[in-house]
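The block underneath contains the structure these notes are about, expressed in structure tokens.
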Amino acid sequence: GAGVSQSPRYKVAKRGQDVALRCDPISGHVSLFWYQQALGQGPEFLTYFQNEAQLDKSGLPSDRFFAERPEGSVSTLKIQRTQQEDSAVYLCASSVQGEDYGYTFGSGTRLTVV
Amino acid sequence: RKEVEQDPGPFNVPEGATVAFNCTYSNSASQSFFWYRQDCRKEPKLLMSVYSSGNEDGRFTAQLNRASQYISLLIRDSKLSDSATYLCVVTTNAGKSTFGDGTTLTVKP
């Protein structure tokens with residue numbers, strides 16, 4: 001597609017529920033990144049894929065967070081047993097190749113845990 | 001201390017003013033530098049890369065000082081449409097980008 005597509009746009013989850021957030025990057029973009037953005041703060045790094053390989057997952061806050069990109073295109077960020085502190089905007093970005101070209105972000109998924 | 005620090009502002013300036021934002025970073029291994037713009041409740045959008053020699057794009061000028069680990073963004077002749085949050089971004093060769101918390105600019109008529 002023309003841009004990075006994320007779904008759903010908004011998600012309300014009850015505490016303890018599992019959620020799955022989807023990212024469809026720009027076609028041909030090798031690198032894919034997930035970020036978490038809390039209100040009033042900059043995006044915080046979660047994880048990074050190059051094709052299907054997850055090269056860095058150091059930013060995932062707990063083992064409740066899991067990301068995959070099995071065929072090197074679409075990626076899913078899964079959060080198990082959601083907690084209120086997981087409420088944030090989850091941004092996906094893709095890039096032609098790693099760090100030198102800047103990112104194109106999707107519109108994000110706004111997750112609210114009640 | 002955060003890896004990337006920015007003055008949060010807000011900066012409130014009249015149309016036509018010149019305004020400058022500063023950013024410092026702590027990781028001396030950082031390799032690539034960017035400014036992004038983020039409008040309220042929207043995703044960040046790449047504004048410009050920052051090079052050691054300095055670079056200009058229309059009314060926007062970015063500078064990098066590696067020795068001082070300092071990045072700046074200068075906006076000349078501010079427009080109402082420049083009102084946004086400006087995010088400083090630093091990337092290591094491991095592919096991870098670290099964002100500052102942003103500087104908020106409001107341009108008033």
Side-chain angles (χ1 to χ4, degrees), chain A residues 2-7 9-10 21 23 25-26 29-51 53-60 67 69 88-112, chain B residues 1-10 21-27 29-52 55 57 60 62 64 71 73 84-105:
Chain A
V4 178
S5 178
Q6 290 188 247
S7 62
R9 186 76 177 88
Y10 300 94
L21 313 180
C23 173
I26 293 173
H29 276 195
V30 169
S31 301
L32 184 146
F33 306 83
W34 283 98
Y35 281 78
Q36 180 191 59
Q37 187 172 25
L39 191 64
Q41 296 182 17
E44 294 279 344
F45 173 82
L46 293 176
T47 187
Y48 160 46
F49 291 87
Q50 188 163 315
N51 295 307
Q54 190 174 19
L55 298 186
D56 187 342
K57 55 181 181 178
S58 61
L60 296 176
R69 193 186 185 197
V89 176
Y90 290 85
L91 293 163
C92 175
S94 69
S95 175
V96 172
Q97 180 72 34
E99 71 283 359
D100 291 335
Y101 299 92
Y103 301 163
T104 300
F105 279 92
S107 299
T109 294
R110 185 174 296 275
L111 173 65
T112 303
Chain B
R1 183 186 171 206
K2 295 199 71 163
E3 280 190 52
V4 179
E5 296 210 43
Q6 297 183 246
D7 180 347
F21 306 138
N22 301 320
C23 170
T24 57
Y25 61 95
S26 59
N27 187 346
S30 300
Q31 294 206 336
S32 303
F33 308 87
F34 305 90
W35 284 100
Y36 280 72
R37 171 198 168 122
Q38 186 170 27
D39 292 287
C40 189
R41 301 181 74 86
K42 299 284 190 182
E43 72 275 17
K45 292 188 176 176
L46 180 64
L47 180 65
M48 60 196 300
S49 302
V50 188
Y51 304 117
S52 296
N55 49 301
D57 183 1
F60 299 82
L64 165 65
I71 305 161
L73 177 68
T85 295
Y86 291 84
L87 299 164
C88 172
V89 183
V90 171
T91 302
T92 67
N93 62 358
K96 172 184 167 181
S97 287
T98 302
F99 285 70
D101 284 338
T103 298
T104 300
L105 171 67

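Given the structure is predicted, the values throughout are model-derived calculations rather than measurements. Chain A is the first sequence line, chain B the second, and so forth, proteins listed ahead of strands; every chain is numbered from 1.
With hydrogens and angles disregarded, a donor-acceptor distance shorter than 3.5 Å links the side chain of A:R9 to the backbone of A:G108. B:N27 contributes no side-chain N or O that, together with a main-chain N or O of B:E3, makes up a donor-acceptor pair within less than 3.5 Å.
Contact annotation for B:F33: neither backbone nor side-chain heavy atoms come within less than 4.5 Å of a heavy atom of chain A. Only the side chain of B:K2 comes within less than 4.5 Å of a heavy atom of chain A; its backbone N, CA, C and O stay farther away. Contacts between A:T47 and chain B at a heavy-atom distance below 4.5 Å are absent for every atom of the residue. Contacts of B:Q6 with chain A are absent, with no heavy-atom separation under 4.5 Å from either backbone or side chain.
Residues passing the side chain to side chain contact (heavy atoms under 4.5 Å, CB included) test with A:T109 are A:Q6, A:P8, A:K11, A:L21, sequence neighbours excluded.
The aromatic rings of B:F99 and B:Y36 sit tilted relative to each other, their planes meeting at an angle between 30° and 60°.
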